[in-house]
Amino acid sequence: MPELPEVETVCQALRPVLEGQSFLSIQLNRSNLRYPFPSNLEKELASHPIISVRRRAKYLLIDFKNNLTLIWHLGMSGRVIIENVNALFLKPSPHDHVVFITSHHYKITYRDPRRFGFLLLSPTQELEDLRPFNTLGPEPLDNSKINASSFHNRIKSRSTSLKSTLLDQAVIAGIGNIYASEALWQAWLSPLRPANTLILNEAGILLREIQNVLNCAIAAGGSTLRDHFRPNGDRGYFQHQFKVYNQENKLCSHCNFFPILKLIQNGRSTYYCNHCQK
DNA sequence: AGATGAGCCTGAAGGC
DNA sequence: TGCCTTCAGGCTCATC
């Protein structure tokens with residue numbers, strides 16, 4: 001499910017709930033998700049104050065005062081639910097794999113039907129040396145980490161398609177299948193075009209449109225196709241603003257003449273307008 | 001270097 | 001209604 005905007009939405013909801021607090025208990029309802037859960041998770045983290053909740057690419061990072069960081073990836077179908085223990089509103093599910101209870105009586109549930117997500121633990125200082133963090137590209141929304149020129153430099157040696165390039169987390173971090181198609185449409189660039197054919201100006205336009213589409217999606221609480229819900233139970237609503245994703249055969253809303261096409265690149269669906277995107 | 005396919009899983013949707 | 005197939009927001013590994 002979650003690309004950068006959805007993870008950011010979850011991060012922004014968790015931050016005020018968790019920062020300055022601690023976990024009273026961490027209940028694991030199975031032994032693993034994609035990977036086995038860290039051993040002694042509760043022992044390592046319970047009662048230790050949480051310093052910060054942040055996001056890197058599609059990863060949630062929770063830093064504890066004892067110099068450990070909980071790495072939390074939501075996989076394809078992961079969902080975080082925040083409830084006050086005195087006002088529970090969602091029915092429990094067989095896919096509620098982890099339940100955190102905080103020191104001020106909040107219940108944080110991690111629900112993930114497909115179980116592609118995972119929790120890992122790392123010393124905070126060593127995080128940057130750990131895969132995949134040691135190979136991740138820059139954050140697209142951090143202007144101190146990326147600009148038109150540096151983005152152009154990162155893609156100008158790539159002979160593969162623009163769509164594949166945007167999905168490569170080592171080139172730029174956090175973009176997934178939805179927002180790659182949407183950003184390329186907004187920039188009038190074909191997903192099939194080799195990345196190394198972009199001139200500086202075009203790379204700048206693409207970066208600007210990546211930032212626009214991600215910022216709009218964050219403001220809308222992300223996109224809810226089926227699995228993504230905000231931690232308070234609301235849906236995101238950016239899916240109503242999709243210009244190409246899931247819009248196969250509808251008329252392109254720019255030229256209003258040619259239909260949106262769908263093709264498979266690297267095993268993933270790509271949507272685009274063959275007339276407007278060059 | 002890049003493309004492709006498989007694998008990790010469940011569940012929704014569509015075809016018959 | 002029910003069975004079957006296909007597909008889905010991510011990531012990693014093996015192979016060509």
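Model, not experiment: these values are computed from the prediction. Each chain gets a letter, A, B and so on, in the order the sequences are listed, and its residues count up from 1.
Annotation: the span from A/I155 atom CD1 to A/E202 atom CD amounts to 9.0 Å, rounded to 0.5 Å. Put simply, CG on A/L61 and OG1 on A/T69 are 6.5 Å apart, with the number rounded to the nearest 0.5 Å.
Atom CG of A/L225 is separated from atom C1' of B/dG11 by 14 Å (rounded to the nearest Å). In this structure, A/E248 atom CD and C/dC7 atom P are separated by 11 Å, rounded to whole Å. Distance A/M76 CE to B/dG7 P: 16 Å, rounded to the nearest Å. In this structure, A/L166 places its CG atom 14 Å from P of C/dC11, rounding to the nearest Å. Counting to the nearest Å, the P atom of C/dG9 and the CD atom of A/Q265 are 13 Å from each other. One atom, CG of A/L120, and another, P of C/dT12, lie 11 Å apart when rounded to the nearest Å. For the pair A/L167 CG and C/dC11 P, the interatomic distance rounds to 9 Å; values are reported in whole Å. Across the protein-nucleic acid pair, A/H97 atom NE2 and B/dC8 atom C1' stand 13 Å apart, rounded to whole Å.
Helical stems in DNA chain C, defined as runs of 3 or more consecutive Watson-Crick or G-U wobble pairs with donor-acceptor distances under 3.5 Å: B:2-8 with C:10-16, B:10-16 with C:2-8.
Side-chain nitrogen and oxygen atoms of A/R268 include at least one within less than 4.0 Å of the OP1 or OP2 phosphate oxygen of C/dG9. Between C/dC7 and A/R114, no contact under 4.0 Å exists linking OP1 or OP2 to a side-chain N or O. Contact annotation: A/R115 reaches the phosphate of B/dT10 (side-chain N/O to OP1 or OP2, under 4.0 Å). Note on A/H95: every side-chain N or O is 4.0 Å or more away from OP1 and OP2 of B/dC9. Here A/Y59 does not reach the OP1 or OP2 of C/dG10: none of its side-chain N or O atoms lies under 4.0 Å away. In terms of phosphate contacts, A/K58 brings a side-chain nitrogen or oxygen within less than 4.0 Å of OP1 or OP2 of C/dC11. Close to C/dA8, at under 4.0 Å from its OP1 or OP2, lies no side-chain N or O of A/S77. When the side-chain nitrogen and oxygen atoms of A/S159 are compared with OP1 and OP2 of B/dA1, none of them lie within a distance under 4.0 Å. OP1 or OP2 of C/dA8 lies within a sub-4.0 Å distance of a side-chain N or O belonging to A/K262.
Within the nucleic acid shown, A/Y245 comes within 4.0 Å of sugar-phosphate atoms alone, with no base atom in reach, counting heavy atoms only. A/R131 comes within 4.0 angstrom of sugar-phosphate atoms only, judged by non-hydrogen atoms across all strands, and of no base. No engagement by A/G267 is indicated, since no non-hydrogen atom pair under 4.0 Å with the nucleic acid exists. Using a 4.0 Å heavy-atom distance criterion, A/N266 is classed as a base contact.
Both cation-pi conditions hold for A/R79 and A/F229: the charged atom is under 6.0 angstrom from the six-membered ring centre and inside a 45 degree cone around its axis.
Looking at the side chain of A/S269, the nearest of the listed nucleotides C/dG10, B/dG2, C/dA8 is C/dA8. Listed nucleotides: B/dG11, C/dG9, B/dA3. Nearest to the side chain of A/E3: C/dG9.
Spacing of P atoms, C/dC4 relative to B/dC9, comes out at 22 Å, to the nearest Å. Across the P atoms, C/dG10 and B/dA1 are found 23 Å apart, a figure rounded to whole Å.
Judged by distance alone with a 3.5 Å cut-off, a donor-acceptor contact links the side chain of A/R34 to the base of C/dC11.
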Hey, mind stepping through A/D227 and A/R114 against salt bridge (charged side-chain N to carboxylate O under 4.0 Å, His left out) and telling me if it holds? CA-CA 10 Å; A/D227 294 314; A/R114 292 177 69 182; 5.7 Å; no

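Looking at heavy atoms from C-beta onward, A/L206 lies in side-chain contact with A/F151 at the 4.5 angstrom threshold.
Taking the six-membered ring for Trp and thresholds of 30 and 60 degrees, A/Y179 and A/F238 have ring planes inclined between 30 and 60 degrees apart.
Sparse packing is recorded around NE2 of A/H105, with 12 or fewer heavy atoms of other residues, nucleotides or ligands lying under 6.0 Å away. The 12-atom threshold is exceeded at CZ of A/R54, counting heavy atoms of other residues, nucleotides or ligands nearer than 6.0 Å.
Here A/F116 counts as stacked on B/dC8: its ring centre is under 5.5 angstrom from the base ring centre and the planes meet at under 30°.
Here the closest heavy-atom approach between residue A/K163 and residue A/N177 is recorded as NZ-OD1, 2.7 Å.
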